[in-house]
Amino acid sequence: MSNVTTRTEPDKQMPLVGKMMLAAVLAAVAGLMFGLDIGVISGALKFIAQEFKASDAEQEQIVSSMMLGAALGALFAGQLSFRFGRKKALVLSAILFMLGALFCVIAQSVAVLVVARALLGLAIGIASFVAPLYISEVADEQHRGGLISVYQLMITIGILLAFISDALFSYSGAWRWMLGIVAIPGAVFLIGSLFLPDSPRWLMLRGRPDEALETLAALRPSRNAAEAEIREIEGSLDHKQRGLAMFRENPNFRRSVMLGIGLQIVQQLTGINVVMYYAPRIFEVAGFGQDGQMWGTAVVGLVNMLATFIAISFVDRWGRRPMLIAGFIIMATGMGALAVLLSFGAGSSVMMHYLAVAVLLLFITGFAFSAGPLIWVLCAEVQPLQGRDFGITCSTVTNWVANWVVGMTFLTLLGTLGASHTFWLYAALNAAFILVTLAFVPETRGVSLESLEQKLNRGVRLRDIGR
Ligand code: BGC
């Protein structure tokens with residue numbers, strides 16, 4: 001424990017251990033489910049409404065019951081993952097996910113569909129809490145950022161697949177297929193999660209150091225590396241408080257919790273889900289027909305996925321802060337340009353029409369290599385071990401509540417401010433987030449979780465805890 005300095009040099013690249021990579025990728029499949037469910041409903045809703053003759057209010061319930069379920073799922077996930085372990089929580093979320101998908105397929109009324117979507121939400125809430133946390137706990141510091149970004153990649157693949165399946169099934173109106181097909185990755189996730197090792201940090205938290213060492217040794221290039229890491233983890237168990245008590249009494253922990261909450265608010269206020277949920281509408285305003293809207297939306301999904309590779313490749317080399325700042329600059333520019341175009345009437349000429357698409361894709365690219373993955377990365381990294389479940393619960397619940405708020409307010413904003421001013425607002429917010437990043441966001445590249453925790457506990461400024 002005293003020998004923390006014997007830790008492997010942070011700058012030296014360790015060979016990537018296949019098992020660690022596999023564990024992280026399997027856990028990231030949770031992201032696939034997250035993405036599928038975010039993406040699938042926009043295409044299915046029209047047909048569901050037709051079959052059940054659902055009113056606007058009922059349609060809103062079908063959409064928002066998932067967010068509500070997700071916020072609830074994330075709220076309970078902390079307790080679940082602390083008591084039963086990250087792995088069992090992931091298995092539970094896979095089971096709930098499949099049940100939810102099944103109920104969607106057989107639903108004969110709006111009420112059953114609302115319950116089924118809430119069940120799916122619960123599953124996603126748990127998964128979106130546990131997956132990045134689990135990955136941060138099994139990964140070594142040289143690959144942590146990239147591996148957590150794989151989780152975001154899975155979200156984007158899920159969204160893309162959902163957009164494509166929506167487009168394909170829309171010709172036949174087969175909404176039960178659109179919703180049911182997500183059970184397939186659910187089954188893959190269930191089988192995969194049964195084979196995951198327990199998180200070594202969780203085993204330590206539960207007082208099972210021998211198992212922790214065995215598990216970690218299988219995930220690291222050498223037993224020595226695993227032993228050194230275990231000693232470091234032991235150091236972070238010195239603090240006796242946990243969760244809410246720790247939040248009340250430890251001002252340093254309050255800072256990391258507030259940082260996590262703030263980061264997730266920032267992620268949602270970039271306006272990403274305005275684009276995700278309303279892309280077809282934006283394409284319509286830009287003058288595209290029905291087919292163009294659907295396939296244009298699929299292109300948005302594709303670019304979102306492809307640009308995530310930039311984060312996976314470079315986040316552990318360039319660092320979190322520069323990539324976030326670059327992303328906010330691009331997003332502010334994209335939103336601002338969209339605002340200008342809309343004030344001229346984006347659909348008024350063919351050139352404007354394509355310019356609108358180009359700036360939308362610029363915005364998506366900016367998000368996908370920065371705030372998309374990096375907010376999840378940072379939220380999983382900055383919490384001290386004893387308060388990690390509580391801290392990440394707070395940030396994940398915030399993600400879902402903020403997601404819901406943005407979705408609910410967008411149309412009102414359009415109605416009151418008009419399209420151009422609404423996008424100006426998002427441009428200004430993204431510009432402000434550059435300053436927020438400079439002031440508060442730490443650079444966590446190549447730094448162990450335990451070292452971040454030591455600095456946080458010493459009262460070092462948030463933006464300096466990675467130095
Ligand atoms: C966000 C989601 C968003 C998705 C888009 C995620 O990081 O949390 O709200 O829909 O990225 O790719």
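Whatever order the structure lists ligands and atoms in, that order sets their numbers, starting from 1. In this chain, residues are counted from 1 in sequence order.
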| query | Would W400 and F34 count as a close aromatic pair, with their ring centres under 6.0 Å? | reply | yes
| request: May I ask you to decide if the ring planes of W376 and Y151 are parallel, tilted or perpendicular, using 30° and 60° as cut-offs? | output: perpendicular
| request: Report the relative orientation of the aromatic rings in F423 and Y426; use parallel for angles under 30°, tilted for 30 to 60°, perpendicular for over 60°. | output: tilted
| Looking at N399, which atoms of ligand 1 are within less than 4.0 Å of one of its heavy atoms? | 8 (O)
| request: Considering the heavy atoms of I159, write down every atom of ligand 1 situated less than 4.0 Å from one of them. | output: 5 (C), 12 (O)
| field | Ligand-residue contact atoms, ligand 1 with N304, heavy atoms, under 4.0 Å | value | 5 (C), 12 (O)
| message | Are F97 and F189, when compared by the centres of their aromatic rings, separated by less than 6.0 Å? | response | no
| field | Atoms of ligand 1 close to T156 [distance to a heavy atom under 4.0 angstrom, numbered from 1] | value | 12 (O)
| Is it the side chain, the backbone, both or neither of I375 that has a heavy atom closer than 4.0 Å to ligand 1? | neither
| message | Does any N or O of ligand 1 fall below 3.5 Å from an N or O anywhere on W376, backbone included? | response | yes
| field | Proximity winner for atom 8 (O) of ligand 1, if only heavy atoms of Q264, M305, Q267 are counted | value | Q267
| field | Lys/Arg-Asp/Glu bridge criterion (N-O < 4.0 Å) met for R117, D37 | value | yes
